[in-house]
Amino acid sequence: RGDDLRLDVRRFDPVVGEIESDLILIGADGSRHSVTYRIRLYTATELMRLVSEARFAEVECFGTFAGDPLSRDTRLVLRAS
């Protein structure tokens, strides 16, 4: 809104696999509100293990919905049956 200021401060913990974010809103009137949240990031290997443990027989990873190979530059698409 107008002259409000929004700051996002993010930290990545590679051991835990989490991004911790501080969202800070500083109002034009000097008010300040903040919230901290965490997002868990799973690797393809972790997701495949979790899905396999849920008793899916066939688990495959792709980089696109069209079935292109998974790479650092693509999204992770997991197909299980």
Side-chain angles (χ1 to χ4, degrees):
R1 297 177 317 195
D3 293 325
D4 292 351
L5 179 64
R6 175 184 162 163
L7 304 170
D8 292 301
V9 181
R10 294 188 178 113
R11 294 166 298 286
F12 176 63
D13 184 337
V15 175
V16 179
E18 285 184 348
I19 295 175
E20 182 177 85
S21 297
D22 297 321
L23 175 60
I24 304 161
L25 180 64
I26 302 172
D29 61 358
S31 62
R32 182 182 171 123
H33 304 279
S34 64
V35 64
T36 300
Y37 59 94
R38 291 184 180 91
I39 299 173
R40 174 69 165 95
L41 304 174
Y42 291 93
T43 64
T45 304
E46 290 174 306
L47 287 173
M48 289 183 72
R49 180 182 49 78
L50 289 169
V51 171
S52 294
E53 288 175 358
R55 301 190 186 263
F56 283 88
E58 295 183 34
V59 183
E60 300 174 277
C61 288
F62 301 99
T64 67
F65 288 109
D68 296 325
L70 178 63
S71 75
R72 292 179 64 132
D73 300 321
T74 61
R75 293 187 174 264
L76 170 61
V77 177
L78 191 87
R79 179 172 61 197
S81 58

Return the minimal non-hydrogen interatomic distance between [X] and [Y], and the atom names on each side.
| X | Y | result |
| --- | --- | --- |
| Glu46 | Thr43 | OE1-N, 2.8 Å |
| Leu70 | Ala44 | CD2-CB, 4.0 Å |
| Asp4 | Ala28 | OD1-N, 2.9 Å |

Next on the checklist: Let me check something: do Phe56 and Met48 share a hydrophobic cluster, defined by ILVMFWY side-chain heavy atoms less than 4.5 Å apart, either directly or through other members?
Outcome noted: yes
Item to check | same_hphob_cluster(Leu5, Ile24) at 4.5 Å side-chain heavy-atom cutoff | outcome: yes
Checklist entry - Looking at OH of Tyr37 and CD of Glu18, how far apart are the two atoms once the value is rounded to the nearest 0.5 Å? => result 13.0 Å
Item to check | Between OG on residue Ser21 and CG on residue Leu7, distance to nearest 0.5 Å | outcome: 12.5 Å
Checklist entry - Please, which pairs that meet salt bridge (charged side-chain N to carboxylate O under 4.0 Å, His left out) have at least one residue in residues 68-81, sequence neighbours excluded? => result Glu60-Arg79
Checklist outcome for this item: Residues pairing under salt bridge (charged side-chain N to carboxylate O under 4.0 Å, His left out) where one sits in residues 19-28, two or more places apart or in two chains, turn out to be Arg11-Glu20, Arg11-Asp22, Glu20-Arg38
Checklist entry - Excluding sequence neighbours, so at least two apart, what forms side chain to side chain contact (heavy atoms under 4.5 Å, CB included) with Glu53? => result Arg49, Leu50
Checklist entry - With sequence neighbours left out, what residues match Phe12 under side chain to side chain contact (heavy atoms under 4.5 Å, CB included)? => result Pro14, Ile19, Leu41
Checklist entry - Crowded around Arg40 CZ? As in, over 12 foreign heavy atoms under 6.0 Å? => result yes
Checklist entry - With sequence neighbours excluded, what pairs up with Ser81 under the side chain to side chain donor-acceptor pair (under 3.5 Å) test? => result none
Item to check | Shared-cluster residues of Phe62, by chain and number - hydrophobic side chains joined below 4.5 Å | outcome: Phe65, Val77
Next on the checklist: I'd like to check Cys61 versus Leu76 (side-chain heavy atoms, cut-off strictly below 4.5 Å). Are they in contact?
Outcome noted: yes
